[in-house]
Amino acid sequence: MSLRFVRFKSTNPSPGVPIVYLAGGPGGSGIDAARHGRFDLFLALREVADVIALDQRGIGESNPHAELSHPWAIPLDQRVDEALLDTTMKKAAAEASRAWTAAGVDLGAYTTVENADDLEALRKALGAPKLNLWGISYGTHLGLAYLRRYPQQVEHIILAGVEGPDDTWKRPAHAEALLDRWEAVLRAEGERGPGLRARLTKLLKSLRREPRTVEYTDPEKGERRTWKVSPFDLQRTLFELMRDPGAFRRFLAMLPALEAGDYSPMAPFAGMLREGVLRPMSLAMDAASGVSPARHALIQKEASKSLLGGSANPGALVAGDVPGVSDLGAAFRGPLKASVPVLLISGTLDGRTSPDNAEALRPGLSKAVHLVLAGAGHDGLFQSDPRILERMKSFLRGEALRDERLEIKAKP
């Protein structure tokens, strides 16, 4: 398998060791991130060292099977719940695995351990004594795996939106805590009345009594569609839009219509909720990372009491659901100890990777500092404030940082 990357040459006359960007997902393209949304960051970090935009195995320019995907769908007129989605995803994953194996794909080659070994091969190809790693979301999961396997080869590591070794399956309690933070934000903005949680509870009770029907025109096919909105559809919409403050405010804007019984504002989300495609790399990577028995039990317990139910891990799969994929095991997901300088970056309104994930790593990371961005979501961990980039550059230069909390102002 050939791995492709783009190298941004440093503007520093005495550059440090290369900075390798680790995209999220799994399934994000580092080259696309450099080409589009994070181009300015790649250019700015050249002040420190060469910056590498890597396409991980099975992604973008490093994907020998770019044409392969497998669809899944649940009819819009069918009432969906967590069990139906799980059954649908397991069936689709088994079908996809058989088809891809017949096409010559080795799904067992798509694991975060193999991905980490690719980084070591990249380091050697670059002729670099060490690497600086810069990851976001799944990229932090990969960065931590490399740190565990090759601690002597890491100079500094930036982990934004932390997905720890056992964080692939998300905790419902983190989503519940985020709802509480949003409640506080809205109260501080002057909202009165019963409050966000009470309004959502009432809305879900109403949907359980009587599912709502939405008539809309499919924007791609131009066909009229009828969607029977279930409570699980609403829970999933909530969870998906809690990813970032801008997205969640879209939900808040349509909440009065939903309370009045008009669910037409949710029509744009029907396709996302009821259909999608599986791809080899992203499917196999997450299934191989899996979830420890203890965390799985905790997630089930939390979901049973959560306002959002099981929407934090919709249709999540483990290795046993995907023929050809093997679980990476307890050693991969276990506690990590390292003395490498680590910069943790978290957003208080991030609905994907809670700041608690970063704090859970602190006992094993003796040289970690935590930059908490108050008011930032998952998509604002690098570019929501110019001070973030300045902290990153200082950290990569070897300057001492301290735990810090930055107030991030919402963009109009």
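- In this structure, Ser304 contributes its side chain and Lys301 its backbone to a donor-acceptor pair below 3.5 Å.
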Mind running side-chain contact (heavy atoms from CB on, under 4.5 Å) on Asp166 and Val291 for me, showing each step along the way? CA-CA 6 Å; Asp166 195 18; Val291 59; 4.2 Å; yes
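- Remark: side-chain polar atoms of Ser292 are paired, donor with acceptor, to backbone N or O of Arg295 under 3.5 angstrom.
- Within the 4.5 Å cutoff, the side chain of Thr237 has heavy atoms near those of the Leu273 side chain.
- Checked by atom type and distance alone, the side chain of Ser62 never pairs as donor or acceptor with a backbone atom of Gly58 at under 3.5 Å.
- Of the charged side-chain nitrogens involved, at least one lies within less than 4.0 Å of a carboxylate oxygen, so that Arg249 and Glu189 count as a salt-bridged pair.
- Although no hydrogens or angles enter the test, the distance criterion places a donor-acceptor pair under 3.5 Å between the side chain of Arg148 and the main chain of Pro335.
- Distance OG1/Thr112 to CD/Gln56: 8.5 Å, rounded to 0.5 Å.
- Between Phe382 and Ile388, the shortest heavy-atom contact is O-CB, 3.7 Å.
- In this model, a donor atom of one side chain and an acceptor atom of the other lie less than 3.5 Å apart for Glu163 and Thr168.
- Asp327 places a side-chain heavy atom less than 4.5 Å from the side chain of Arg333.
- Salt bridge annotation for Glu407-Lys409: absent, with no cationic side-chain nitrogen under 4.0 angstrom from a carboxylate oxygen.
- No more than 12 heavy atoms of other residues, nucleotides or ligands shown are found within 6.0 angstrom of CZ on Arg4.
- Side chains of Arg224 and Thr217: a donor-acceptor N/O pair is present below 3.5 angstrom, by distance only.
- Remark: Arg362 engages Glu359 in a salt bridge, criterion side-chain N to carboxylate O under 4.0 Å.
- Using a 4.0 Å cut-off between charged nitrogen and carboxylate oxygen, Asp233 and Arg79 do not count as a salt-bridge pair.
- Here the side chains of Leu349 and Asp244 are not in contact, with every heavy-atom distance at 4.5 Å or above.
- The two residues Gly30 and Asp55 have their closest heavy-atom pair at N-OD1, 3.1 Å.
- Inspection of the Arg123 and Tyr150 side chains reveals no N or O donor paired with an N or O acceptor under 3.5 Å.
- Centroid-to-centroid, the aromatic rings of His141 and Phe332 come within less than 6.0 Å.
- The distance between the ring centers of Trp134 and Phe42 falls below 6.0 angstrom.
- Taking CG of Leu43 as the start and CZ of Phe8 as the end, the distance is 6.0 Å to the nearest 0.5 Å.
- Residues Asp286 and Pro26 come closest through the heavy atom pair OD1-CD, 3.3 Å.
- With rounding to the nearest 0.5 angstrom, the CG atom of Asp262 is 7.5 Å from the CG atom of Leu258.
- For His65 and Trp100, the ring centers are positioned 6.0 Å apart or more.
- Within a 6.0 Å sphere centred on CD of Glu215, other residues, nucleotides and ligands contribute more than 12 heavy atoms.
- Note on Arg149 versus Glu120: no salt bridge recorded, every NZ/NE/NH1/NH2 to OD/OE distance being 4.0 Å or above.
- The pair Arg225-Asp218 counts as a salt bridge, with a side-chain nitrogen and a carboxylate oxygen less than 4.0 angstrom apart.
- Looking at Asp321, its side chain does come within 3.5 Å of a backbone N or O of Val318 through a donor-acceptor pair.
- The shortest distance between side-chain heavy atoms of Leu131 and Gln153 does not fall below 4.5 Å.
- Between the side chains of Asp350 and Thr353, at least one donor N or O sits under 3.5 Å from an acceptor N or O.
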Check the pair Val6 / Leu54 against side-chain contact (heavy atoms from CB on, under 4.5 Å), numbers first and verdict last. CA-CA 7 Å; Val6 174; Leu54 170 69; over 6 Å; no
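- Taking a cutoff of 4.0 Å between a charged side-chain nitrogen and a carboxylate oxygen, Glu399 and Arg391 do not qualify as a salt bridge.
- With a 4.5 Å cut-off on side-chain heavy atoms, Leu373 and Thr348 do not count as touching.
- A side-chain N or O of Asn115 and one of Tyr138 form a donor-acceptor pair less than 3.5 Å apart.
- Side-chain contact between Leu255 and Leu203 is present, with at least one heavy-atom pair separated by less than 4.5 Å.
- Closest non-hydrogen pair, Ile136 versus Tyr21, comes out as CG2-OH, 3.5 Å.
- Side chains of Lys228 and Tyr263 form no contact here, defined as non-hydrogen atoms less than 4.5 Å apart.
- By the salt bridge (charged side-chain N to carboxylate O under 4.0 Å, His left out) test, Asp180 is found to be paired with Arg197, residues two or more places apart in sequence or in another chain being considered.
- Salt bridge Arg397/Glu47: present, at least one basic N to carboxylate O contact under 4.0 Å.
- When only modelled atom types and interatomic distance are considered, Asn132 and His156 share a side-chain donor-acceptor pair under 3.5 Å.
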List the steps and the verdict of side-chain contact (heavy atoms from CB on, under 4.5 Å) for Leu204 and Leu307. CA-CA 9 Å; Leu204 285 165; Leu307 183 68; 3.8 Å; yes
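- With respect to the salt-bridge test (charged N to carboxylate O, under 4.0 angstrom), the residues Asp77 and Arg274 do not qualify.
- Heavy atoms only, all atoms of each residue included: Leu308 and Glu176 are closest at N-OE2, 3.5 Å.
- For the ring pair (Phe, Tyr, Trp, His ring centres under 6.0 Å) test, no residue two or more places apart in sequence or in another chain qualifies with Phe5.
- Here Ile345 contributes atom CD1 and Thr140 contributes atom OG1; the two are 11.0 Å apart, rounded to the nearest 0.5 Å.
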Apply salt bridge (charged side-chain N to carboxylate O under 4.0 Å, His left out) to residues Arg199 and Glu183 and explain how you reach the verdict. CA-CA 11 Å; Arg199 293 171 72 187; Glu183 186 107 42; over 6 Å; no
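- For the side-chain contact (heavy atoms from CB on, under 4.5 Å) with Leu22, the qualifying choice from Ile52, Leu119, Ile158, Leu159 is Leu119, the only one to do so.
- Residues Leu107 and Val322 form a side-chain contact, since some pair of their non-hydrogen atoms from C-beta on lies under 4.5 Å apart.
- With values rounded to the nearest 0.5 angstrom, Ile19 atom CD1 is found 5.0 Å from Leu45 atom CG.
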Worked verdict on Arg57 versus Asp117 for salt bridge (charged side-chain N to carboxylate O under 4.0 Å, His left out): CA-CA 11 Å; Arg57 57 170 54 204; Asp117 289 346; over 6 Å; no
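- Atoms CD1 and OG, from Ile59 and Ser29 in turn, are 7.5 Å apart once rounded to the nearest 0.5 Å.
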One pair to check against side-chain contact (heavy atoms from CB on, under 4.5 Å): Leu147 and Leu336. What are the steps and the verdict? CA-CA 9 Å; Leu147 180 60; Leu336 173 66; 4.2 Å; yes
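- In this pair, Phe251 and Phe248 present their aromatic rings parallel. The plane angle is below 30°, not in the 30 to 60° band.
- A 6.0 Å sphere centred on NZ of Lys91 holds no more than 12 heavy atoms belonging to other residues, nucleotides or ligands.
- For the residue pair Ala128 and Pro18, the shortest heavy atom distance occurs at CB-CD, 3.6 Å.
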